[in-house]
K.L.:
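One structure coming up, written as structure tokens, with questions to follow.
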Amino acid sequence: MRRTLIPGLVLIVALAGLATPAHADPAVDPKLTKSTLYSTGTIPRSVCAEKPIKQRNNAAAGRAYITFVVGCLDRVWSKQLAKKGIKFKKPKLKLLAKDPARYCGIKWINTSDIDYCESSRELMAVLDRTILNLDPDDLYIFTSLSNAYAEHVQYLAGIEGAMWKILPEENEPGYAEVNRRTFLQAFCLSGAFTGSVFKSMPRKTSEWNYMVKAQTKLLAGEFLGSAKNITYWMNRGFNTRNPKYCNTWTASNSQVA
């Protein structure tokens with residue numbers, strides 16, 4: 001799903017030749033409100049001792065960093081999902097040296113550096129000067145990867161499939177709300193993963209707080225949620241490390257605005 005300047009959700013489906021889903025109330029679908037993912041418990045603390053990218057514009061170092069972080073994500077989420085027998089499959093990983101003209105069936109939006117493609121079940125990162133220039137912000141790369149990976153977790157848990165069934169057409173009421181509930185949940189799951197490994201990282205809590213503030217400033221909007229709510233869900237996941245606290249589908253409208 002295109003994370004920046006959405007509404008790529010319906011575009012991806014249309015271009016993939018899928019039928020437009022019928023609208024339904026998310027509150028009546030147990031795959032959303034009572035997903036098995038919520039019963040997997042607190043994610044245990046583990047080690048993911050990232051190594052900072054010290055050299056500017058070093059694509060090789062960037063590739064090594066991203067490959068390492070994705071390995072951590074694979075390990076943590078495979079163990080977490082296995083607690084309740086949720087079948088795990090790694091996403092593919094594609095690393096590009098420059099922006100593609102098109103990606104995942106649609107024109108590439110060059111404000112996005114890291115993305116998840118539903119049709120190919122693939123994480124993709126563009127390792128150009130945008131992401132590696134001057135003083136590379138490793139924690140930005142880390143959280144962007146974990147955000148995109150959370151969409152893969154939603155797919156594995158059956159949440160993505162259930163979401164498509166209730167997503168209204170783009171011009172119908174509820175379209176933006178379903179988008180927000182989906183992406184705010186991904187932010188929360190990303191926070192839960194990050195919280196589980198944060199003590200092993202050479203980081204201070206102030207760095208996490210700074211990154212949350214930076215991401216909310218960049219991403220807040222109609223389809224991803226307000227800055228206040230993105231902050232709320234990222235921190236909720238980070239502080240609890242438990243997917244049950246990421247159930248945006250039963251949250252009040254104000255919490256997913």
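Along the sequence shown, the residues carry numbers beginning at 1.
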K.L.:
Who passes salt bridge (charged side-chain N to carboxylate O under 4.0 Å, His left out) against Arg121, sequence neighbours left out?
P.N.:
Glu160
K.L.:
Under the disulfide bond (SG atoms under 2.5 Å apart) definition, can you give me all pairs with a residue in residues 217-257, not counting sequence neighbours?
P.N.:
Cys188-Cys246
K.L.:
Only counting residues at least two apart or in another chain, list the ones meeting side chain to side chain contact (heavy atoms under 4.5 Å, CB included) with Ser190.
P.N.:
Ser146, Asn147, Thr194
K.L.:
Residues two or more places apart in sequence or in another chain: which of them pass salt bridge (charged side-chain N to carboxylate O under 4.0 Å, His left out) with Glu207?
P.N.:
Arg203
K.L.:
List in chain and number order the residues that pass ring-ring contact (aromatic ring centres under 6.0 Å, His included) with Tyr232, two or more places apart in sequence or in another chain; answer none if no residue qualifies.
P.N.:
none
K.L.:
Could you label the plane-to-plane angle of the Phe198 and Phe238 rings as parallel, tilted or perpendicular, counting under 30° as parallel and over 60° as perpendicular?
P.N.:
perpendicular
K.L.:
Is there a side-chain contact between Ile141 and Ile114, using heavy atoms and a 4.5 Å cut-off?
P.N.:
yes
K.L.:
Run the side chain to side chain donor-acceptor pair (under 3.5 Å) test against Lys90 and tell me which residues pass, sequence neighbours left out.
P.N.:
none
K.L.:
If the condition is side chain to side chain contact (heavy atoms under 4.5 Å, CB included), which residues does Tyr245 pass it with, not counting sequence neighbours?
P.N.:
Arg236, Thr240, Asn242
K.L.:
Which pairs count as disulfide bond (SG atoms under 2.5 Å apart) when at least one residue sits in residues 42-91, sequence neighbours excluded?
P.N.:
Cys48-Cys72
K.L.:
Got Lys51 and Pro202 here, is their nearest side-chain heavy-atom distance under 4.5 Å?
P.N.:
no
K.L.:
Are any of the side-chain heavy atoms of Thr33 and Asp29 separated by less than 4.5 Å?
P.N.:
no
K.L.:
According to side-chain hydrogen bond (donor to acceptor under 3.5 Å, both in side chains), does anything in residues 58-74 pair up with another residue at least two apart or in another chain? List the pairs.
P.N.:
Glu50-Tyr65, Gln55-Asn58, Asp74-Tyr149
K.L.:
Take atom NZ of Lys83 as the centre, draw a 6.0 Å sphere, and report whether it contains more than 12 heavy atoms from other residues, nucleotides or ligands.
P.N.:
yes
K.L.:
With side chains defined as the heavy atoms from C-beta onward, is the minimum distance between Leu96 and Leu127 less than 4.5 Å?
P.N.:
no
K.L.:
Taking only residues two or more places apart in sequence, or in another chain, which ones meet Asn171 in a side chain to side chain contact (heavy atoms under 4.5 Å, CB included)?
P.N.:
Glu169
K.L.:
With Ser252, which residues qualify under side chain to side chain contact (heavy atoms under 4.5 Å, CB included), at least two apart?
P.N.:
Ser254, Gln255
K.L.:
Spell out, as yes or no, whether a donor-acceptor pair under 3.5 Å connects the side chain of Arg241 to the backbone of Thr42.
P.N.:
no
K.L.:
Determine, step by step, whether Phe142 and Phe193 satisfy the ring-ring contact (aromatic ring centres under 6.0 Å, His included) criterion, reporting the C-alpha distance in whole Å, the side-chain angles of both residues, the deciding distance to 0.1 Å, and the verdict.
P.N.:
CA-CA 11 Å; Phe142 189 99; Phe193 161 76; 5.7 Å; yes
K.L.:
Which residues pass the ring-ring contact (aromatic ring centres under 6.0 Å, His included) test with Tyr155, not counting sequence neighbours?
P.N.:
His152
